[in-house]
Structures are given as structure tokens and as C-alpha cells.
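Single-structure report; data block below.
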Amino acid sequence: MSGVFVVVEGSEGAGKTTLVAALADRFRADGTDPVLVREPGGTPAGEAIRALLLDPAHALDPLTELFLFLAARRELVHQVIRPALAGGRLVLADRFQLSTEAYQCGGRGVERELFRVANRAATGGLEPDLTLVLDLPPELGFQRMATSGKGLDRIEREDPAFHGRVAETFREARGPGVVHLDATRPPERVLHLAWAEVAARVPGAPGQVPH
Ligand code: T5A
């Protein structure tokens with residue numbers, strides 16, 4: 001039996017963590033216990049890499065940054081995501097490969113072909129069944145984060161032009177299983193929209209009409 005891999009993506013403060021938690025609650029209410037992961041992180045080595053990547057004390061070359069994100073992803077995919085999917089579990093991820101395309105290619109200017117080849121090496125070609133992209137203008141995301149009172153990490157401190165390129169890459173993302181949601185709506189509405197996509201597109205998801 002193979003599981004289901006659902007990813008939530010979007011720029012800073014778009015509401016990914018909020019939506020992942022709400023989707024997890026919704027799945028649990030339907031009797032499915034999801035495996036929750038976040039990127040970068042989710043393994044001991046991945047969490048150490050996350051701390052390094054987000055620490056404003058480090059100035060990292062764009063390719064160093066790319067390879068660190070991919071190293072953390074390699075650990076997460078092989079130690080957690082693939083075994084969970086092989087066991088028939090539902091995996092809900094807060095960010096995955098589209099974030100690398102948005103931040104390292106869109107934001108930093110890393111060549112897309114290099115990203116694709118290196119990312120494939122990290123994931124072994126694993127693709128999400130569904131990628132929910134939360135569309136929100138970056139300035140609104142930063143307003144939300146200011147309200148939440150969290151300090152800014154190394155990447156959040158980049159200038160508005162960088163975050164504009166990141167947001168544009170997310171906005172333009174297309175592909176199998178990629179769905180855009182209007183993240184300017186209230187959290188309950190975003191959950192409603194997301195759940196409708198999960199039920200319609202994810203094989204075997206709770207709430208899906210059998211046929
Ligand atoms: N990164 C990551 C890369 O550069 N390359 C990569 O390959 C990967 C994987 C990770 C950083 O690493 C970068 C991207 C990031 O800069 P992170 O902390 O995991 O950092 O990601 P962030 O985007 O920084 O996470 P945040 O927690 O800041 O944002 P979220 O999860 O999008 O937003 P959330 O849910 O925490 O909500 C933010 C605030 O808004 C409210 C919430 O209550 C909260 O206060 N909110 C809403 N308000 C109104 N309407 C809604 N619909 C709302 N939804 C949430």
C-alpha cells in the first residue's frame with residue numbers, strides 16, 4: 001500500500017503552518033493520523049542544518065545555501081517521508097521542493113537546471129500528490145508576521161525585491177498536482193478551500209466519493 005504526500009507551500013507568513021495544523025486536525029477527525037514534517041528540518045541532522053541556515057550570523061553563498069537545503073531534504077525524504085509513504089501513511093509537509101525553486105532560483109538566481117538535477121538526487125524523484133500553494137502578497141505576509149511577534153530569521157531579513165521574486169515564482173508555479181489557494185481569505189476559508197482540493201484530488205482521501 002502506498003501513502004499520500006500533501007505539501008503546503010507559499011511565501012513568508014502566508015499561513016502554511018496554520019493550514020498544516022488545521023488539515024491535520026481535519027484528517028484526524030476523519031480517522032486518519034497524518035505524519036507532519038517541516039522543511040528544512042524534521043530529522044536530527046535536518047534540524048541542525050535548519051539552525052545554521054536561518055541564523056542571521058551566517059552569510060552563505062547561494063550554492064552553499066542550496067546544497068544545505070537539499071542535504072536536509074535528503075535526510076527527511078529517506079529517513080521519514082519514504083518510509084511513511086511505504087507504510088501507507090498520509091504525509092503533510094510544511095514546504096518542499098517548490099520552496100527551493102522559489103527562494104534559491106527565483107530569489108537568489110540559482111540556475112533552474114542545476115536545481116532540478118541536484119533536487120532529484122536529494123529526493124530520488126519523489127513528487128507530491130498535491131501541492132497547495134498559498135498565494136499572498138509578501139507585504140501582507142510580513143504584516144501578519146509582525147503581528148505574531150516572531151523575530152526575523154536570515155532569509156526573512158532579505159530585501160523586498162528578493163521577497164517579490166520569491167512570491168512571483170510561487171504565483172507562477174504550475175504542474176501536476178499544483179493548486180493555488182487565495183491566502184488573503186480568513187483561516188477557516190483557506191482550510192475549506194484546501195480540504196475541497198484534498199478530497200477531490202488525493203487518491204483515497206477522507207471525504208472522497210468512491211467510484
Ligand atoms: N527556505 C525553505 C528556502 O529558502 N528554501 C527551501 O528549500 C526551504 C524548504 C523556513 C525558511 O527557509 C526558507 C523559507 C523560509 O524563509 P519557516 O519558519 O519554516 O522558515 O517558514 P516561514 O514561511 O518563515 O514560516 P512562518 O511560520 O513564518 O509562516 P507561515 O507558516 O506561512 O505562516 P503561519 O501559519 O505561521 O502564520 C503567520 C501568522 O499569520 C496568521 C497566523 O495566526 C500567524 O500569526 N495567519 C493568518 N492571518 C490571517 N488570515 C489567515 N488566513 C492566516 N493564516 C495564518
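In listed order, ligands and their atoms are each counted from 1. Everything numeric in this text was worked out from a predicted model, so none of it was measured.
Distance from atom 2 (C) of ligand 1 to its nearest protein heavy atom, with residue and atom name: F69 CE2, 3.4 Å. Distance from atom 5 (N) of ligand 1 to its nearest protein heavy atom, with residue and atom name: Q104 OE1, 2.8 Å. In terms of protein heavy-atom proximity, atom 28 (O) of ligand 1 is nearest to K150 NZ, 3.4 Å. What sits closest to atom 33 (O) of ligand 1 on the protein, heavy atoms only, is G15 N, 3.2 Å. In terms of protein heavy-atom proximity, atom 16 (O) of ligand 1 is closest to E12 OE2, 2.7 Å. For atom 44 (C) of ligand 1, the closest non-hydrogen atom on the protein side is S148 CB, 4.2 Å. The protein heavy atom nearest to atom 25 (O) of ligand 1 is K16 NZ, 4.2 Å. Considering only non-hydrogen protein atoms, atom 52 (N) of ligand 1 sits nearest to R185 O, 2.9 Å.
Inspection of the E39 and S99 side chains reveals no N or O donor paired with an N or O acceptor under 3.5 Å. Donor-acceptor pairing under 3.5 Å is recorded for the side chains of D182 and T184. Side-chain atoms of R38 and T17 include no donor-acceptor pair closer than 3.5 Å.
At least one N or O atom of G13 sits closer than 3.5 Å to an N or O atom of ligand 1. For a threshold of 3.5 Å applied to N or O pairs, the pair formed by F96 and ligand 1 contains no separation below that value.
Under a 3.5 Å cut-off, the side chain of E9 and the backbone N or O of L98 do form a donor-acceptor pair.
Ionic pairing of R108 and E158 is present here: one or more N-O contacts between side-chain nitrogen and carboxylate oxygen are shorter than 4.0 angstrom. A salt bridge does not link E168 with R165: none of the charged nitrogens is closer than 4.0 Å to a carboxylate oxygen. Using a cutoff of 4.0 Å between basic side-chain nitrogens and carboxylate oxygens, R28 and D33 are scored as salt-bridged.
Within the 4.0 Å heavy-atom criterion, the part of I155 lying near ligand 1 is the side chain and not the backbone.
Counting atoms of ligand 1 from 1 in the listed order, those under 4.0 Å from a heavy atom of P186 are 52 (N). Taking a cut-off of under 4.0 Å to the non-hydrogen atoms of R50, the atoms of ligand 1 that pass are 17 (P), 18 (O), 19 (O), 20 (O). Ligand-side atoms of ligand 1 in range of R73: 7 (O), 9 (C), range being under 4.0 angstrom from any heavy atom. Heavy-atom proximity to P187, at under 4.0 Å, picks out these atoms of ligand 1: 50 (N), 51 (C), 52 (N), 53 (C). Taking every heavy atom of L54 and a limit of under 4.0 angstrom, the matching atoms of ligand 1 come to 11 (C), 12 (O). Counting atoms of ligand 1 from 1 in the listed order, those under 4.0 Å from a heavy atom of A14 are 32 (O). Below 4.0 Å from some heavy atom of E156 lie the following atoms of ligand 1, by number and element: 24 (O), 28 (O). Every atom of ligand 1 is numbered from 1 in the order shown, and the set under 4.0 Å from a heavy atom of E39 is 9 (C), 19 (O).
Ring planes of F162 and Y103: tilted class, angle from 30 to 60°.
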Start with the C-alpha distance between D153 and R157, add both sets of side-chain angles, then the distance that settles salt bridge (charged side-chain N to carboxylate O under 4.0 Å, His left out), and finish with yes or no. CA-CA 6 Å; D153 65 38; R157 290 177 189 208; over 6 Å; no
So V37 and V91, side chain to side chain contact (heavy atoms under 4.5 Å, CB included) or not? Walk me through it. CA-CA 7 Å; V37 295; V91 178; 4.1 Å; yes
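With atom 23 (O) of ligand 1 as the reference point, the heavy atom nearest to it among H163, R95, R144 is part of R95. Of the candidates T18, L19, L98, T18 brings a heavy atom nearest to atom 42 (C) of ligand 1.
Within the 4.0 Å heavy-atom shell around ligand 1 one does not find R38.
For F96 and F5, the ring centers are positioned less than 6.0 Å apart. For F170 and H180, the ring centers are positioned 6.0 Å apart or more.
The OG atom of S11 lies 6.5 Å from the NZ atom of K16; values are rounded to the nearest 0.5 Å.
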